[in-house]
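See structure below.
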Amino acid sequence: MLSEKFLNEFEEYLTSGQLEEDYGYSAEDRKIEILEYLERFMDLAEEVDKVATRLLMPHLSEVMPAKDK
């Protein structure tokens, strides 16, 4: 499970500009790795949205079935 500390540190890393600075100074293979991490976080954010919706509105699927099924 993620900790609040990790989330806070990651948020600071993103919002402070440090990630972009690190990216700018990185070798090509590290830049690709950073972009892959960001892509994975974006994919996870989509899943977070789905799970949060199911938790907050458990009967929504009865009214509006998922399009991907």
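By convention here, the first residue in the shown sequence is residue 1.
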### Query
Looking at CG of Leu38 and CD1 of Ile34, how far apart are the two atoms once the value is rounded to the nearest 0.5 Å?
7.5 Å
Just distance, no hydrogens or angles: give the donor-acceptor pairs under 3.5 Å from side chains in residues 26-33, sequence neighbours left out.
residue, atom, partner, partner atom, Å
Ser26, OG, Asp22, O, 2.5
Arg30, NH1, Glu33, OE1, 2.7
Glu33, OE2, Tyr37, OH, 3.3

### Query
Hydrophobic clusters join Ile, Leu, Val, Met, Phe, Trp and Tyr when side-chain heavy atoms are under 4.5 Å apart, directly or via other members; which others share one with Val51?
Leu55
### Summary
Quick note, salt bridge (Lys or Arg N to Asp or Glu O under 4.0 Å) partners involving residues 39-48, not counting sequence neighbours, are Glu47-Lys50
### Query
Can you hop from Leu14 to Phe6 via hydrophobic side chains spaced under 4.5 Å?
yes
#### Entry: Partner residues of Glu12 under the salt bridge (Lys or Arg N to Asp or Glu O under 4.0 Å) criterion, sequence neighbours left out
none
### Task
Could you tell me whether Glu20 atom CD has more than 12 heavy atoms of other residues or ligands within 6.0 Å of it?
no
### Message
Applying side-chain contact (heavy atoms from CB on, under 4.5 Å), can you list everything that pairs with Glu4, at least two apart in sequence or on another chain?
### Response
Asn8
### Message
Holding to ring pair (Phe, Tyr, Trp, His ring centres under 6.0 Å), I want the full list of residues that pass it with Phe10, two or more places apart in sequence or in another chain.
### Response
Phe41
